[in-house]
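Some notes on the structure that comes next.
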Amino acid sequence: MQVLAGKPVAELIRERLRQEVAKLRERGIAPSLHAILVGNDPASSVYVRAKAKACQELGFAAQTHHLPAETQPEDLFHLISSLNRDAQVDGILLQLPLPSHLPTPQFLSRIAPEKDVDGFHPENVGLLWQGRPRFVPCTPAGIMELFRFYGVELAGKRVVVVGRSDIVGKPMAALLLAAHATVTIAHSKTPNLEAVCQEAEVLVVAAGKPALIRAAHVRPGAVVVDVGVNRVEDKAWVMRLFPGDQERLAELHKKGYTLVGDVAYSEVAEKVRALTPVPGGVGPLTIAQLLANTLHACRLRRG
Ligand code: GUN
């Protein structure tokens, strides 16, 4: 079984970005990413900090706009509009999820499409499905880089995507279709998920449910990508799913939780050809791809 680690792929992307940003900086241009974080969701705070750190390491200019959880819609609209107008701002990222009183689609539509480095604006979603992508959502774009790096063939293959989110499942399906795969999107209302997943030569799981995919779901020899990042606090559950994994138990003891994917790693690993770990699989690629999109945004506007 091959472990599809994300780090070496991310490091290649980061090295390319480092060089290209250095060249732009010689011309007095520093590509800039502005992240908006509303409220104090712990996972979102971790992501936004990781994004800012990656920006610093690669020479991007980064700023985080942290707004209180009770921010009113007009204040968020106002901030987005001012970033849209600011010629120094290349990329705008609105960290999701937003607090429930803020209607996500309206805010995503308000971000200038040429600064929409997440690729969530309807214009960019449309371009992706038309096969002429401008900004590709970062996680699916990173997974495509992973497939390229490890030589995973997609043309003519039966691929099942579990999960239909706007962030991962739907754009993932668009990219796989463009790569000539036969694509099925399964989700929480799909009857007999096991039988559907067993068809998959390549299985991409982005359901947000810890260890949803068990050995019985996978075809022997399949390639499996696990996008899930779930906090699990139950020690008995962890010991059942990760027998003998002392590192994980130590993490649970120290932090009060351990990060677990949507795939039951140990039992699925015994059956498949290749599998991404959690953490260390898809995660590092998402941020690398975000910075690639920010560089692209900078080039689109500033040449
Ligand atoms: N929340 C979880 N994933 C993402 C992402 O890729 N982009 C944004 N903006 N928010 C997220």
Side-chain angles (χ1 to χ4, degrees), residues 6 10 13 32-55 60 62-67 69 71 76 79-80 83-84 89-100 102-113 115-122 124-125 128 133-146 161 163-175 204-210 225-231 259 261-262 276 278-279 281-294 296-297:
I13 299 170
S32 71
L33 175 66
H34 286 244
I36 305 171
L37 174 63
V38 187
N40 297 300
D41 177 64
S44 290
S45 305
V46 171
Y47 289 140
V48 167
R49 268 202 304 276
K51 286 163 190 172
K53 181 163 167 262
C55 279
F60 287 77
Q63 197 173 328
T64 299
H65 304 264
H66 193 178
L67 305 182
T71 294
L76 183 52
L79 173 59
I80 292 172
L83 295 174
N84 284 345
V89 174
D90 291 304
I92 302 170
L93 177 140
L94 179 58
Q95 183 64 34
L96 304 178
L98 292 175
S100 57
L102 297 171
T104 301
Q106 291 183 29
F107 294 103
L108 294 178
S109 302
R110 192 61 81 91
I111 294 172
K115 297 188 176 189
D116 168 37
V117 287
D118 259 328
F120 296 161
H121 187 286
N124 290 321
V125 175
L128 176 65
R134 177 163 53 191
F135 294 112
V136 179
C138 305
T139 299
I143 294 169
M144 294 304 282
E145 290 294 331
L146 190 85
V161 178
R164 55 174 156 177
S165 70
D166 293 328
I167 296 179
V168 184
K170 287 186 209 166
M172 186 78 253
L175 292 171
V204 179
V205 190
K209 292 213 169 61
V225 174
D226 186 354
V227 186
V229 186
N230 310 288
R231 289 187 181 203
L259 293 179
D262 290 353
T276 60
V278 175
V282 172
L285 288 166
T286 297
I287 290 185
Q289 212 53 54
L290 172 68
L291 299 191
N293 284 355
T294 303
H296 184 50

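We count ligands from 1, going down the list as the structure has it; atoms in each ligand are counted the same way. Atom set for the values below is all heavy atoms of this structure, side chains included, hydrogens, waters and symmetry mates excluded. Keep in mind that this is a model prediction, so the values were computed, not measured.
- Within the 4.5 Å cutoff, side-chain heavy atoms of Ile36 are placed close to those of Ile92.
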Does ligand 1 have any N/O pairs with the protein under 3.5 Å, and how far apart?
unit_1   : atom_1 : unit_2 : atom_2 : d
ligand 1 : 1 (N)  : Gln95  : NE2    : 3.2
ligand 1 : 1 (N)  : Leu96  : O      : 2.9
ligand 1 : 7 (N)  : Asp118 : OD1    : 3.1
ligand 1 : 7 (N)  : Asp118 : OD2    : 3.3
ligand 1 : 9 (N)  : Leu94  : O      : 2.8
ligand 1 : 9 (N)  : Asp118 : OD2    : 2.6
ligand 1 : 10 (N) : Leu96  : N      : 3.0

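- The structure places NE2 of His34 at 13.5 Å from CD1 of Ile80, a figure rounded to the nearest 0.5 Å.
- Taking both residues in full, the closest heavy atoms of Ser165 and Val168 are given as OG-N, 2.9 Å, listed atom of the first, atom of the second, then distance.
- Considering only heavy atoms from C-beta on, Arg49 stays 4.5 Å or farther from Thr64 through its side chain.
- From Thr294, atom OG1 reaches atom CZ of Phe135 across 8.0 Å, with rounding to the nearest 0.5 Å.
- Shown here are the side chain to side chain contact (heavy atoms under 4.5 Å, CB included) partners of Leu259, two or more places apart in sequence or in another chain: Val229, Arg231, Tyr257.
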